[in-house]
Amino acid sequence: MPLEPEKPQQGNREEDPVSTHHSGQRDTEAENLHHQMRPGTEIACSGNTLPSVSPKLVSVEELIEAEKGVCNMALAHEIVVDESFLIKQRDLPETSFEKTIEDIMKKAFWDCLQAQLNEDPPVYDHAIKLLSEIKETLLSFLLPGHTRLRKQINEVLDLDLIKQEAENGALNIPKLADFIIGMMGTLCAPIRDKDIKLIRNILDVVLLFREIFAVLDLMKLDMVNFAISNIRPHLMKQSVDYERKCFQEFFDKQHGSLEIATEWLQETASELLSSAGSGLDGATAGATDVSALCPTSVLNHAYVKLLQWDHASRLFPEPVLMDQSRFKEMQQELNQLTLIAAVLLVIYNMTGDAISGLSGFLDRLKGIIKALLTGMHSLSFHLAETMTSVSEQICVEVNNCLSQHGFSLLPTEKEAVLKGQIQAISSLDNSVRKLIDLRIQTFLKMHLASSNPKSVIVPGGLAPIRRELEEITVRFLHLVNYNKLVFNPYYDTILAKVLQRNETQPPGASETEQ
């Protein structure tokens, strides 16, 4: 009976460890899928999905079915939208109750195995069950073409024979473990070679079993992630129709309505109508309304509006709910870039040509401001105090730079004015901050409306943050374009009603006034 796994021949793809595919997912893997969702996706998988759904009594079975459908949709969405999406091991906090229970259960499990093996003669009931599970796991890694490896595993890990050997006191666990580790080395991805090498040196049987199962769990994740990378191109072709179908099925079952999305688009249309009518006479207002309130324009402005959303007090529109965490992340990054650009604009306006042409100084100032603004969205962060520190540090840097290049230091009065203008940026009503914010919004809207993004000119004052802004814009456009593909039929229906209502509404008038 062969006890060493047959190594694949050079160039033979039949037993390529990278090409092996997990044929069935365990319950633990399904749990990992659920916990590896982004925070926004976890919201979509919770029982409170899409809060705009009308109240309705439903059975537990209907809730479970609805959650399953939304989770499947969310998983497919993550795979398509996030190219770096991977399933990772779930790490529980050390101080959590769940972690404590898990550790107690695992200790009891392995203590039971140790107690059986310490009996005289040893009892192998527990060990045989573990060998059975290991065999099943190894077989699950194989592809249909891995006939020789399947034959080896079935021969060496023949449970009937193992039980007979255990009854006769002839069971050689270290010998079986050596075969198992060798087979794992054949099937694992190269990244696990170090783990396989470490467990080869373990002599204690219980510890050896523990480490074998730990590495097998890692191999399962590798197989799942390999499968995800393989199905991603195929899923992208089907994802739009699939997500739209799942979304529609969920709302059909829950008798829901897109109340939040309707409010979001109505609010955007009203703002556009108000801005189009301000400062214009009656002869030109009507023509401008038609242009400003075309469905595409309203939708593009609505997407940019998501980057200014009050996540703490407002529910996110249903069609973009699965991407809420991504929009929030971009919003926070843009808020930081707004402050950086505003501070730099103030500095260079105050200091003039003295430092404008100095190579590398702009990047140094930007790095200092960014470092001081780190964590600006945490609850413990105080922006006003931080901007005071920024102003102090900036003045030191500017004076040092001026001194090194033979210029006069900033006069005391000018330095005080510079500090005051920088500190004033902490206010949301600061004119410089509002100007930069408006220009960033304009830049994003121009990209949404343009068929050639490369032709979009960066507005004045944004040059220092151009690289970071363009990176965020690429991510923003990717989300928006995909969301449009999936939900455009819903948006068209809502906008048809919204725009019809706004056509008869005077610019700046509220719905109640109408």
Side-chain angles (χ1 to χ4, degrees), residues 263-264 267-280 292 301-314 316 327-351 365-366 368-395 398 413-446 458-466 468-469 472-473 476 507-510:
E263 180 184 349
W264 164 53
E267 188 177 291
T268 305
S270 298
E271 291 174 359
L272 281 174
L273 185 62
S274 178
S275 63
S278 60
L280 298 173
H301 281 72
Y303 280 122
V304 175
K305 191 178 179 67
L306 294 176
L307 297 174
Q308 300 172 306
W309 203 261
D310 184 358
H311 296 270
S313 61
R314 294 191 63 182
F316 216 59
F327 279 102
K328 185 176 181 180
E329 181 180 332
M330 290 187 291
Q331 179 178 349
Q332 292 176 344
E333 293 175 10
L334 288 174
N335 287 342
Q336 187 183 66
L337 288 179
T338 299
L339 294 176
I340 292 173
V343 172
L344 291 174
L345 183 60
V346 167
I347 294 170
Y348 279 84
N349 281 342
M350 286 289 295
T351 56
L365 291 179
K366 188 167 73 170
I368 291 172
I369 300 168
K370 184 176 181 179
L372 291 173
L373 290 175
T374 300
M376 63 175 286
H377 297 99
S378 64
L379 296 176
S380 59
F381 189 88
H382 299 286
L383 182 58
E385 295 178 6
T386 301
M387 294 307 290
T388 301
S389 301
V390 169
S391 66
E392 297 286 346
Q393 185 65 34
I394 289 299
C395 286
V398 169
E413 298 81 3
K414 195 171 185 178
E415 183 176 325
V417 172
L418 177 58
K419 288 182 180 179
Q421 290 191 5
I422 292 175
Q423 293 169 20
I425 294 173
S426 62
S427 171
L428 289 172
D429 294 327
N430 178 261
S431 58
V432 178
R433 181 173 175 177
K434 290 170 70 175
L435 176 65
I436 295 297
D437 183 55
L438 180 61
R439 290 179 177 178
I440 288 176
Q441 292 182 48
T442 301
F443 182 73
L444 294 172
K445 292 172 185 175
M446 289 168 63
V458 178
L462 302 186
I465 59 170
R466 176 173 183 166
E468 296 88 346
L469 183 57
I472 294 174
T473 302
F476 177 67
S510 65

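Just so it is clear, the structure is predicted and the values come from calculations on it, not from any experiment.
For the residue pair F316 and H311, the shortest heavy atom distance occurs at CE1-CE1, 3.5 Å. Smallest separation of non-hydrogen atoms from L462 and I436: CD2-CG2, 3.9 Å. Between F381 and T374, the closest heavy-atom pair is CE1-O, 3.7 Å. Pairing each heavy atom of Q331 with each of W309, the nearest pair is NE2-O, 3.0 Å.
Using a cutoff of 4.0 Å between basic side-chain nitrogens and carboxylate oxygens, K370 and E468 are not scored as salt-bridged.
The backbone N or O of C395 lies less than 3.5 Å from no partner atom in the side chain of E415, so there is not a single donor-acceptor pair. A distance-only check finds a donor-acceptor pair linking the side chain of R433 to the backbone of S426 [under 3.5 Å]. Formation of a donor-acceptor pair under 3.5 Å by the K434 side chain with backbone atoms of L428 is not found in this model. Judged by distance alone, with hydrogens and angles left aside, the side-chain atoms of S378 form a donor-acceptor pair with the main-chain N or O of G375 at under 3.5 Å. Panel note: side chain S274, backbone S270; no donor-acceptor pair is recorded below 3.5 Å. The backbone N or O of P464 lies less than 3.5 Å from a partner atom in the side chain of K366, making a donor-acceptor pair.
Between the side chains of Q441 and D437, at least one donor-acceptor pair of N or O atoms lies under 3.5 Å. For the residue pair S427/N430, the side-chain donor-acceptor check at 3.5 Å is not satisfied.
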Full working for side chain to side chain contact (heavy atoms under 4.5 Å, CB included) between Y303 and L444: CA-CA 10 Å; Y303 280 122; L444 294 172; over 6 Å; no
Before you tell me yes or no, could you show the steps for T388 and I422 under side chain to side chain contact (heavy atoms under 4.5 Å, CB included), namely the whole-Å CA-CA distance, both residues' side-chain angles and the distance that decides it to 0.1 Å? CA-CA 8 Å; T388 301; I422 292 175; over 6 Å; no
Given the rule in the side chain to side chain contact (heavy atoms under 4.5 Å, CB included) test, do L334 and L469 qualify, once you have shown the distances and angles that lead to the verdict? CA-CA 8 Å; L334 288 174; L469 183 57; 3.7 Å; yes
Pair I347, Q421 - check side chain to side chain contact (heavy atoms under 4.5 Å, CB included), show working. CA-CA 9 Å; I347 294 170; Q421 290 191 5; over 6 Å; no
Worked check of side chain to side chain donor-acceptor pair (under 3.5 Å) between H301 and E271: CA-CA 10 Å; H301 281 72; E271 291 174 359; over 6 Å; no
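Results of the side chain to side chain contact (heavy atoms under 4.5 Å, CB included) test with L365 over I340, L344, V343, V390 single out L344 as the only residue that passes.
Within a 6.0 Å sphere centred on NZ of K328, heavy atoms belonging to other residues, nucleotides or ligands number 12 at most.
Looking at I472 and L337, their side chains come closer than 4.5 Å, going by heavy atoms from C-beta outward. Under the 4.5 Å side-chain criterion, counting only non-hydrogen atoms from C-beta, L339 is not in contact with N335. Side-chain contact between L307 and M330 is present, with heavy atoms from C-beta onward closer than 4.5 Å. Side chains of E267 and K305 form a contact here, defined as non-hydrogen atoms less than 4.5 Å apart. Counting heavy atoms from C-beta on, the side chains of I369 and I394 come closer than 4.5 Å.
Distance check, rounded to the nearest 0.5 Å: CD1 of I440 to CD of Q308 gives 10.0 Å. With rounding to the nearest 0.5 Å, the separation of OG in S389 from CG in L373 is 10.0 Å. For the atom pair W264 CH2 and R314 CZ, the distance stands at 11.0 Å (nearest 0.5 Å). The distance from the CD atom of E392 to the CD atom of Q423 is 7.0 Å, given to the nearest 0.5 Å. Atom CD1 of I465 and atom CZ of R439 lie 11.0 Å apart (nearest 0.5 Å).
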